[in-house]
There are 2 protein chains.
Amino acid sequence: MTRNTRQRTVIRQVFEEANRPLGAPEVLDAAQASVNGLGIATVYRTIKSLVEDQWLVPVELPGVPPRYELAGKGHHHHFHCKGCGKVYELEGCVDNLKRLVPAGFEVTGHDVTLSGLCLACASAA
Amino acid sequence: MTRNTRQRTVIRQVFEEANRPLGAPEVLDAAQASVNGLGIATVYRTIKSLVEDQWLVPVELPGVPPRYELAGKGHHHHFHCKGCGKVYELEGCVDNLKRLVPAGFEVTGHDVTLSGLCLACASAA
DNA sequence: ATAGATGCAAAGGGTTTGCACTTGA
DNA sequence: TCAAGTGCAAACCCTTTGCATCTAT
């Protein structure tokens with residue numbers, strides 16, 4: 001079964017401490033501080049395994065590589081900062097969405113992504 | 001300046017006749033019916049040039065390669081069919097979006113993507 | 001005639017995979 | 001011990017680019 005390797009432990013910690021969705025390169029950067037020689041392939045493999053375990057869920061945003069966040073957070077959406085590229089969780093949702101689709105279309109999901117500048121980038125600008 | 005090549009003419013026709021956003025492979029498929037030997041590189045180069053001319057605009061959706069649609073359509077969103085992969089335009093929008101972001105964040109744009117099955121795929125299922 | 005456009009193949013990013021080596025149980 | 005996990009490099013997919021050839025103008 002799954003072993004508790006140093007790499008896997010550190011990668012989980014990185015997600016637990018991030019409080020926001022992370023992409024594979026962000027995970028690599030953060031985890032390399034604790035695991036010398038960590039390779040990007042291990043990051044991808046570990047993320048994949050954690051998604052299969054339903055410990056992580058993928059966060060797909062328009063035009064950027066996927067991020068991943070801890071599972072079990074309930075329905076929410078995201079903010080993508082065009083300054084630093086970081087993705088943040090947003091609480092709440094919108095409604096009346098199904099009214100937008102033509103008759104006969106079957107809606108099974110939706111994504112809402114706001115973009116702009118996060119607090120840090122807006123302050124710096 | 002820009003020349004009216006057979007390839008460029010046909011690629012424009014493909015977009016005009018599609019009535020929905022198209023990805024590069026879709027354009028290649030459709031255009032090859034009229035231009036023998038058309039290469040994917042030409043499709044990408046032509047799309048890029050038409051975007052620079054503001055004749056096309058990119059349509060970025062979560063988790064899939066970009067599509068492109070005719071410019072000048074006004075604000076709208078999209079539906080992504082998980083059956084056939086086609087993307088459709090939706091009219092209308094949602095409001096009260098800015099209330100979702102934390103104080104200090106600056107919102108400059110938003111994307112709303114509905115997904116599910118289009119009429120054809122829902123009927124087939 | 002000649003600069004822009006094309007097609008092919010090679011090169012680039014991001015992600016996955018094969019394989020020999022390492023390591024947790 | 002010994003199979004799962006790791007790191008490296010090669011492979012892959014989608015997109016871009018270099019280059020010789022072709023073609024609108």
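Predicted model only: the values in this text are computed from it and were never measured. Below, chains carry the letters A, B, ... as their sequence lines are ordered, and counting in each starts from 1. Every heavy atom of this structure was used, including side-chain atoms; hydrogens, water molecules and symmetry mates were not.
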Distance-only donor-acceptor check, side chains T42(B) and R8(B), under 3.5 Å: no
Euclidean distance, atom CG of residue L61(A) to atom C1' of dG14(C) [Å, nearest integer]: 16 Å
By ring-ring contact (aromatic ring centres under 6.0 Å, His included) - contacts of F105(B) (at least two apart): F79(A), Y88(A)
Residues that, via side-chain heavy atoms closer than 4.5 angstrom, fall in one hydrophobic cluster with V57(A): none
V87(B)-L28(B) co-clustered via ILVMFWY side chain contacts under 4.5 Å: no
Shorter than 3.5 Å, N or O on both sides, protein versus nucleotides 17-20 of chain C: list them out with atom names.
unit_1	atom_1	unit_2	atom_2	d
dG18(C)	O6	R45(A)	NH1	3.1

Side-chain H-bond candidate by donor/acceptor type, H75(B) with H110(B), under 3.5 Å: yes
Taking only nitrogen or oxygen atoms into account, show me every contact under 3.5 Å that the protein makes with nucleotides 21-25 of chain D, one pair per line with its distance.
unit_1	atom_1	unit_2	atom_2	d
dT23(D)	O2	R3(B)	NH1	2.8
dT25(D)	OP1	N4(B)	N	3.3

Given E89(B), E69(B), R67(B), the one that forms side chain to side chain donor-acceptor pair (under 3.5 Å) with H78(B): E69(B)
Interatomic spacing from CG in L90(A) to NE2 in H77(A) - rounded to 0.5 Å: 8.5 Å
Atom-to-atom span, CD1 of I47(B) to C1' of dA5(C) - whole angstrom: 16 Å
Distance, rounded to the nearest Å, where L28(B) contributes CG and dC14(D) contributes C1': 13 Å
dG7(C) OP1/OP2 closer than 4.0 Å to side-chain N/O of Q7(B): yes
Sugar-phosphate only, base, or nothing, as touched by L38(A) at under 4.0 Å among non-hydrogen atoms: sugar-phosphate
Whole-Å gap separating P (dC12(D)) and CD1 (I40(B)): 19 Å
Rounded interatomic separation in angstrom, taking CG from N36(A) and P from dC8(D): 10 Å
Along DNA chain D (nearest heavy atom to each residue), the more 5'-positioned of G39(A) and Y68(B): G39(A)
Ionic contact status for E26(B) with R20(B), cut-off 4.0 Å: yes
Hydrophobic cluster partners of L117(A) (side-chain heavy atoms under 4.5 Å): none
d(CZ, R67(B); C1', dC14(D)) in whole Å: 12 Å
Proximity to DNA chain D (any heavy atom under 4.0 Å), residues of residues 53-60 of chain A only: none
Distance, rounded to the nearest Å, where E52(B) contributes CD and dG4(C) contributes P: 14 Å
For Y68(B), the option from V51(B), L50(B), V59(B) that meets side-chain contact (heavy atoms from CB on, under 4.5 Å): V51(B)
Inter-residue atom distance S115(A).OG - L61(A).CG, 0.5 Å rounding: 10.0 Å
